[in-house]
Structures are given as structure tokens and as C-alpha cells.
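Structure, as C-alpha cells:
Just so it is clear, the values below take in all heavy atoms, side chains as well, and ignore hydrogens, waters and symmetry mates. It should be emphasised that the depicted structure is a prediction, and the values quoted were computed from it without experimental measurement.
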Amino acid sequence: MEALLRPRIMLSLTIILIPIFLFISGASSHQIRINNAERRIDLSTHIVKVFLTLKVENTGKTSASEILLAFPPTQVDHLAFLEALAATGKKKKKTYVSLAVKPTQLPDAPNETNYYTIVLANPLNTGETATLEILYILTHSLEPFPVEISQSESQLVYYRDSALILSPYHIKQQTTFIKIPSNKVESFTRVEPTDRAGNELKYGPYEDRPPYSYSPLLVHFENNNPFSVVEELVREVEISHWGNLQITEQYKLAHAGARHKGIFSRVDYQSKPAFSGVSSFKHLLARLPPRVHSVYYRDEIGNISTSHLRADSWKISELEIEPRYPLFGGWRATFVIGYGLPLEDFLFESSDGRRYLNFTFGCPLVETVVDKLTIKVVLPEGAKGPSAVVPFPVEQRLETKYSYLDVVGRTVVVLEKKNVVPVHNIPFQWNDLNILFWGSKMEKKKRNSLLVMLVD
């Protein structure tokens, strides 16, 4: 399943079922059969990762070219990422083909169901089988309970789902595995056969389940991992005529776990770190590009000295930062991180004279959810015709920014996306950057060609 990443005391309560419906277009439920379904749910952090493997057989008389995945509205609101691959071969010799996934609206959808279409690389003919590997990621899906805890208490959370994959067609065999961060489980729903081994729960195998079978599932467990959520992140990437790339990142960080109650004791926090504030976090790790320089970390008060940079000239740079105070549930912090990069590592020129700025989308902080991300790329004055290429839907617009000695202003390409997770940290490009550069070695080598292209 790693190929999908290239690039969580039982009380009486009302359980809200969060099923996943699976449909095959072009065929009825009697024509399609799932021979085997395996689902692995990773709850080790506050970001829920679900890996779903389906072995589908077409037992009907017509071919099927699409597969529809449907999610209830409560889950779609938390769906941050969805990817599907078609797998062929076995074990180490497996090969994967990425499949297009797009949202779909169907009339008369039951219970306001939302759909996504997976387009098969080749139609599934009668008697043929296909193996699909699906990854989807959910945010804000772990519910702290109790919702408030003191400094000395551990954090407990709920996860709700279904032990059975709800499907409109017959499933011959299915198994669900749930991985939790530790062995400390308060309670979990048993749907026999159910087994527990260490920090993993196993539901199934269940055989010959008829269409629309389901069984509510609730797991109550300990999760003291940092529930770090950036409520808003604004990243400004400024391209200089003189061969430098200046990055400024403005963070509004929050601890989205169980809210802190009572007083905060600095003495207990420092003298008993294993028992006091175990669900809080006092440091974060940001992975920055190699050859980073001129790094600063500050807030409204001024410079924050509690940071450490481990720089690597060719691989990656890591910046470990500490806020001015440890963050407990419900607490917030605002700060700014800035750094410079050599432009020659990110700006490239194609054979036809067009330039491409290749930069990483997403948030540098490790295992962090960003509720709203805004990226602003400030082009040098005189740049024309920029266009952004991003492998997932984003909102785009153009702005103008005036700086020192500017006459007509600088074009700013603005990208916005909500519900951003670490798998979104992939390169994206700005194309057709008609820019004249001065000063750096790279630009001196190409200066004449740039001048010719601009004159043309």
C-alpha cells in the first residue's frame, strides 16, 4: 500500500453511522461482485488514513468502465484526499496505474450521498476481474472524549465507522484492520469475529455478506499525539531579479484536541514531563528545501530564539521550532517563519524559451492539517502571462503588489485550498514566466536568450 503515498468505559450514546457506499456504473448490483475487500484504517495520528483494496469481478453481460465511490455528507466535509490506483502483478512485481477521480452528482441520491467517479484504464468486460487500491484521508474525524481534560490527564478520543463495508452488491469476503497509536483502549465495539493484538483491531473476515449489510463501530482509545491544526497559513513566495527566492509564512496554529481545563503549572510541566501535559506539544518540525539560508522565526513580540536548524546542502533542511509556551487543547499561537533559497534550484527554462518555477505546495510542518492555505507567488515587475499547474483543484486569481521603486506593480498569482494534509506537499509549477533576471550565475549564462525572447 506504500505506493499510494508517492508522493485513529463504553457509554450509552447515539451512534451516527458513517458508511461508504460502493457502486459500479453500467451494471446492476447483481452483475458485479466483490470477491475480496480489505480495509486498513490508520488512527495513529489525528489524520485518519484509510487504505481500501477491492478485488472486483464483472459477472454480468455488459462491460463497466467506471466505479463510483459514495460518501455521506458528514464524511465528505472531512475528506481531504482521495486517490485510486489499478494494481497488476504480485508483491514486489506489482505495477500501479493512476486512475482519474472526479466528483459526480447523481439524481435521487439517497440521504444526500456524495459521489466520486473512478475511471478505469480499461473497461471491465464480462468475467474479468480488477484490483483497485484506494487511499482516502479524513481530517477532524477523531472526537475528544472527555472534551475537557486537566494538565495531568491523557487524551481519549472516539472514532466512528462501520465494521462492514456497506455495498449495494454481494461481498464474498471482507476484513477491516484498525491501527491505534498505543495499547490503551477504553472500549471498542465487537462484531464477531473480532480480535485484538497489541495496538491493532481486526474485524472479520466476514463472508458472504448480502448487499447493504452494515454494523456500527465505535472505538474509544488514547491518542496523545499532537493535534496540530493550522487554521490559516499564508505563504508568500517572492521572486527576485537578483537570483533569490524569499519565502514568508504566516501561521495561525491551534491545538485541536481536548480543551485544557483548570490551571497551568509550569513547575509540574517541567519536573514531570512523562505525566504532566502528555497531550500538549511544545515543539514542531518543519521540513524546508535544501540550501536554505537567512532563516528567521518570530511573532508579534519579536524574535523567538527557541529554534534549531539542521541544514543539508543537497537533501533537506529541518527546522525545529518551539512556541513561546506549550500548546494545550484549545490554545493558539501565531508566528512567522521566513527563509531564502537560491532561485537557480527552482527556476528552469525549456527548449522553447519558457520558464518554469517549480515549488512545493502545502505546509512544511510535519503531520499538520491546514484548514485554509493561501500561496502568493510575487513575480518580478514586468513578468507576463503566468499560469499555475497544480495536480488537484485549487482556487486561482491574480493580484498586483507594489514594492520599493515599482512603477507598474508586480503580478501576484494567488492559490487557495482548504483542508490541506501532508500528501499535498508536492511540487507545482508556474509556466510562461517572461522575466528578465540579473546577477546570479544561472541568469548570466542565459541573459542574452532572455533578452531576445522579451524583445520578441
Side-chain angles (χ1 to χ4, degrees), residues 8-9 11 13 16 43-48 74 77-78 80 137-160 180-182 184 186 218-234 249-286 297-301 304 306 320-337 363-373 418-422:
R8 185 118 39 274
I9 308 169
L11 300 178
L13 47 84
I16 302 175
L43 306 179
S44 56
T45 68
H46 69 297
I47 303 173
V48 179
T74 53
D77 293 339
H78 302 288
I137 297 178
L138 304 172
T139 60
H140 302 288
S141 295
L142 299 183
E143 308 171 30
F145 189 84
V147 295
E148 293 184 344
I149 58 175
S150 64
Q151 182 175 334
S152 60
E153 292 179 292
S154 294
Q155 180 175 259
L156 302 176
V157 297
Y158 278 137
Y159 176 71
R160 307 171 190 271
I180 53 181
S182 69
K184 298 181 180 180
E186 294 293 310
L218 179 67
V219 184
H220 192 201
F221 61 98
E222 181 182 271
N223 190 338
N224 287 319
N225 289 292
F227 276 44
S228 55
V229 174
V230 177
E231 297 177 332
E232 185 176 3
L233 169 59
V234 179
E249 301 172 348
Q250 301 179 8
Y251 291 85
K252 293 182 179 180
L253 179 67
H255 189 311
R259 295 192 302 271
H260 176 72
K261 69 177 181 180
I263 62 173
F264 168 64
S265 172
R266 173 72 69 173
V267 174
D268 291 342
Y269 188 80
Q270 293 181 338
S271 61
K272 304 175 183 178
F275 304 99
S276 179
V278 291
S279 65
S280 67
F281 58 91
K282 60 181 180 180
H283 62 81
L284 293 169
L285 183 65
Y297 168 48
R298 62 180 182 229
D299 59 9
E300 294 179 351
I301 299 176
I304 306 175
T306 52
E320 187 177 34
I321 62 174
E322 293 186 20
R324 291 190 180 274
Y325 47 85
L327 289 183
F328 287 82
W331 292 15
R332 289 171 170 79
T334 58
F335 55 88
V336 177
I337 296 176
C363 174
L365 298 181
V366 176
E367 286 299 321
T368 300
V369 174
V370 181
D371 290 340
K372 181 182 179 182
L373 171 63
K418 296 181 179 180
N419 212 11
V420 177
V421 290

For the atom pair [atom1] ([X]) and [atom2] ([Y]), what is the distance rounded to the nearest 0.5 Å?
X	Y	atom1	atom2	result
Ile180	Tyr159	CD1	OH	13.0 Å
His220	Glu143	NE2	CD	10.0 Å
Lys261	Glu153	NZ	CD	5.5 Å
Glu232	Lys418	CD	NZ	10.5 Å
Glu249	Ile337	CD	CD1	6.0 Å
Asn223	Ser182	CG	OG	7.5 Å

Quiz item: Does the pair Ile304 and Ile321 meet the rule for a side-chain contact (heavy atoms from CB on, under 4.5 Å), with working shown?
Solution: CA-CA 9 Å; Ile304 306 175; Ile321 62 174; over 6 Å; no
Please examine the side chains of [Y] and [X], heavy atoms only from C-beta on, and report whether any two atoms are closer than 4.5 Å.
X	Y	answer
Asp371	His140	yes
Lys372	Lys252	no
Leu156	Phe145	no
Asn225	His46	no
Leu142	Val48	yes

Could you list the donor-acceptor pairs under 3.5 angstrom formed between side-chain atoms of residues 272-285 and any protein atom two or more places apart in sequence or on another chain?
{"residue": "Ser276", "atom": "OG", "partner": "Gln151", "partner atom": "NE2", "Å": "2.6"}
{"residue": "Ser280", "atom": "OG", "partner": "Tyr269", "partner atom": "OH", "Å": "3.2"}
{"residue": "Ser280", "atom": "OG", "partner": "Gly277", "partner atom": "O", "Å": "2.6"}

Over all heavy atoms of both residues, which pair between [X] and [Y] is shortest? Give the atoms and the distance, please.
X	Y	result
Leu218	Arg160	CD1-CG, 3.7 Å
Pro144	Ala256	CG-O, 4.4 Å
Tyr251	Pro364	OH-CD, 3.4 Å
His255	Phe328	CB-O, 3.0 Å
Pro181	Ser44	CB-O, 3.6 Å
Ser228	Thr368	OG-OG1, 3.3 Å

Exercise. Any side-chain hydrogen bond (donor to acceptor under 3.5 Å, both in side chains) involving residues 327-337? Give me the pairs, sequence neighbours left out, ordered by first then second residue.
Key: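 Residue pairs passing side-chain hydrogen bond (donor to acceptor under 3.5 Å, both in side chains), neighbours aside: Glu231-Arg332.
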Quiz item: Are the side chain of Tyr297 and the backbone N or O of Phe335 linked by a donor-acceptor pair below 3.5 Å?
Solution: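 No, the answer is negative, given that no donor and acceptor are paired below the 3.5 Å cut-off.
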Exercise. Please check if the side chain of Gln250 supplies one atom and the backbone of Val336 the other of a donor-acceptor pair under 3.5 Å.
Key: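 No, the answer is negative, given that no donor and acceptor are paired below the 3.5 Å cut-off.
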Practice problem: Could you please spell out the steps behind the side-chain contact (heavy atoms from CB on, under 4.5 Å) verdict for Phe221 and Val157? | Solution: CA-CA 6 Å; Phe221 61 98; Val157 297; 3.5 Å; yes
Quiz item: Quick one: side chain to side chain contact (heavy atoms under 4.5 Å, CB included) partners of Val147, sequence neighbours excluded?
Solution: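 Result, side chain to side chain contact (heavy atoms under 4.5 Å, CB included) vs Val147: Arg259.
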